[in-house]
Amino acid sequence: MPRYSFLAFVHRQWRTIPPVRTADLTGKTVVVIGANAGIGFEAAKHFATMNAAKLVLGCRSRERGELAISKLQNETGYTRAELWLIDLAEFQSVKAFVDKFEKEGGRLDYLVLNAGVAMTSTTYTATADGYETTIQVNCLAPSLLALLLLPIMVETAKNHLITPRIVVVSSEVHGWASFSDQVLSSHSPLQVLGSNEYCTKEVMGRRYPDSKLLNILFVRALSDRLKSHFIVNAVNPGFCVSELRRNATGRAVIIFKVMELFLAWTAEQGSRNLVYAALSGSDGNEEDHNLHGAYISNCEIDEPSEFVLSDQGKEVQEKLWKDTLDILSKVDLRVPTIAEKYLS
């Protein structure tokens, strides 16, 4: 059967998920963005049980974040979790998070970029920064955060002789994405993808898979350019019971309820994929080398879609990288300096 068909998806959902990967995180700092609920919260719980020196829960809502901190402490006994506010729909919020980390964060060993949106409406919406909402929240803002925190993680690697890790949460639905010829042939594909003119109802209907494909292409491009010993990878958490679909309406509600009943993993099961992506190879075995730019699914290294591996996919990947840097360089003047100093 085709690797990214619906039947293949069902088959993967019925597989047994391996136990959670564990490691001693004494002295280390972990940041989980989108950690107040679902797989992000469950991943944070796992990191808490591994004695992380500092565990930062990046959340949009103070109220929900404080509840998550309290729940995490009650369920694990861990008392060093910190709530830091961040809203990926606002570039200024991302920059403020980085500014705070530069002053107060110290070392940074693991960055898990889990936050995202799955818009149920096919109507075009834009953020206050002027970018299509899903493109900014799922792609541009996490990329900005990763790039701005890169110097801190590189210094952590040098000072503590460790291999930092950036984990970007993608999805197997990246294999269902479909870019038009207009996007594929453009020198600025992100500009096309985010434009009001391009975003018809049909395009917006597949916006989430498109954004997850963009995540994987960013990870591969960044991994290709990292000068220092550093790992960045993309992970498919699987189809889990999640608040990601909380805004679904109409027929979509029924479809998701049926799928969750027969196919969904629990949020804890899905979170094991995030933990695997963060911790695998940390004991220095050969798995470590293979994790560079890897796509991870069901707690193992897997192959992304045929498009990602194709010559056309690689060409689009390079265009997207340039486009991303061009956009983010205008958002924050630190970006081009970081790219020149830390990336080849």
Side-chain angles (χ1 to χ4, degrees), residues 33 86 88-99 101-102 108 111 113 115-116 126-155 164-170 174 177 179 182-195 198 210-228 230-234 292-293 295 304 307-308 311-344:
I33 304 299
I86 183 170
L88 299 182
E90 299 177 8
F91 286 137
Q92 187 56 46
S93 178
V94 176
K95 294 162 68 173
F97 184 96
V98 174
D99 293 342
F101 205 97
E102 288 177 344
L108 177 53
L111 173 62
L113 299 171
T127 66
D129 295 307
Y131 293 92
E132 191 277 316
T133 300
T134 304
I135 294 293
Q136 176 163 336
V137 173
N138 291 9
C139 307
L140 288 174
S143 298
L144 176 63
L145 183 60
L147 290 171
L148 292 181
L149 289 175
L150 199 59
I152 297 173
M153 302 188 79
V154 170
E155 286 303 307
R165 196 78 54 98
I166 296 177
V167 176
V168 178
V169 177
S170 181
H174 82 273
F179 292 157
Q182 183 181 353
V183 174
L184 296 175
S185 62
S186 173
H187 292 294
S188 302
L190 277 175
Q191 302 285 3
V192 175
L193 280 168
S195 67
Y198 179 77
D210 286 354
S211 73
K212 297 293 102 179
L213 174 57
L214 293 174
N215 288 155
I216 290 178
L217 295 176
F218 172 78
V219 162
R220 291 170 69 88
L222 178 58
S223 182
D224 286 346
R225 289 166 170 81
L226 282 167
K227 294 179 179 179
S228 59
F230 203 111
I231 291 177
V232 54
N233 53 38
H292 290 280
Y295 170 68
F307 174 78
V308 171
D311 290 340
Q312 185 179 43
K314 294 173 184 176
E315 179 183 343
V316 173
Q317 175 181 303
E318 294 306 300
K319 290 181 181 179
L320 285 165
W321 174 258
K322 182 180 182 302
D323 213 7
T324 299
L325 283 190
D326 287 346
I327 291 170
L328 298 183
S329 293
K330 295 180 178 69
V331 173
D332 193 304
L333 295 177
R334 289 173 288 187
V335 170
T337 303
I338 290 170
E340 182 178 356
K341 183 175 181 180
Y342 297 99
L343 304 175
S344 60

Identify the heavy atoms of S329 and L325 that sit nearest to each other, and give their distance.
OG-O, 2.6 Å

Do the side-chain N and O atoms of S211 and N138 include a donor-acceptor pair separated by under 3.5 angstrom?
yes

Check step by step if salt bridge (Lys or Arg N to Asp or Glu O under 4.0 Å) holds for E318 and R225.
CA-CA 11 Å; E318 294 306 300; R225 289 166 170 81; 2.4 Å; yes

Do L193 and E132 touch side chain to side chain, with heavy atoms closer than 4.5 Å?
no

Taking the side chain as every heavy atom from C-beta outward, state whether L108 and L149 have any atom pair closer than 4.5 Å.
yes

Side-chain heavy-atom pair P151, I338 within 4.5 angstrom cut-off
yes

Close aromatic pair by centroid cut-off 6.0 Å: H174 and Y295
yes

How many angstroms lie between NZ in K314 and CZ in F307, if you round to the nearest 0.5 Å?
12.0 Å

Output, in order, the C-alpha distance, side-chain angles, deciding distance and verdict of side-chain contact (heavy atoms from CB on, under 4.5 Å) for L88 and S93.
CA-CA 7 Å; L88 299 182; S93 178; over 6 Å; no

Hey, mind stepping through Q317 and D224 against side-chain contact (heavy atoms from CB on, under 4.5 Å) and telling me if it holds?
CA-CA 11 Å; Q317 175 181 303; D224 286 346; 3.6 Å; yes

Donor-acceptor pair, distance only, cut-off 3.5 Å: does the side chain of S195 make one with the backbone of V192?
yes

Under a 4.0 Å threshold between the charged nitrogen and the carboxylate oxygen, would E315 count as salt-bridged to K319?
yes

Is L150 close to L343 at the side-chain level, that is, under 4.5 Å between some pair of heavy atoms?
yes

Would you list the pairs meeting ring pair (Phe, Tyr, Trp, His ring centres under 6.0 Å) in which at least one residue belongs to residues 319-341, sequence neighbours left out?
F218-W321

Spatial distance of atom CD (Q92) from atom CG (D332) [nearest 0.5 Å]
9.0 Å

How close do V169 and N215 get, counting heavy atoms only, and between which atoms?
O-OD1, 3.6 Å

Which residue in the set L214, I327, T127 passes side-chain contact (heavy atoms from CB on, under 4.5 Å) when paired with I135?
L214

Rounded distance (nearest 0.5 Å) linking atom CG of L140 with atom OH of Y131:
7.0 Å

Atom CD1 of I152 and atom CG of L111: how far apart are they, to the nearest 0.5 Å?
10.0 Å

Which atom pair, heavy atoms only, marks the closest approach of D210 to A177?
OD1-CB, 3.3 Å

Rounding to 0.5 Å, atoms CG (L147) and CZ (R334) come to a distance of 11.5 Å

Check V219 against G293 and note the closest heavy-atom contact, atom names and distance.
CG1-CA, 4.2 Å

Measuring from L328:CG to L148:CG, what's the distance to the nearest 0.5 Å?
8.0 Å

For the student: nearest non-hydrogen atoms of D323 and S188, plus distance
OD2-C, 3.0 Å

Between K322 and D326, is there a side-chain N and carboxylate O pair less than 4.0 Å apart?
yes

How close do A146 and L113 get, counting heavy atoms only, and between which atoms?
CB-CD1, 4.1 Å

Y342 and F230: aromatic ring centres closer than 6.0 Å?
no

Hey, mind stepping through H292 and N233 against side-chain contact (heavy atoms from CB on, under 4.5 Å) and telling me if it holds?
CA-CA 6 Å; H292 290 280; N233 53 38; over 6 Å; no

Start with the C-alpha distance between L190 and L320, add both sets of side-chain angles, then the distance that settles side-chain contact (heavy atoms from CB on, under 4.5 Å), and finish with yes or no.
CA-CA 7 Å; L190 277 175; L320 285 165; 3.7 Å; yes

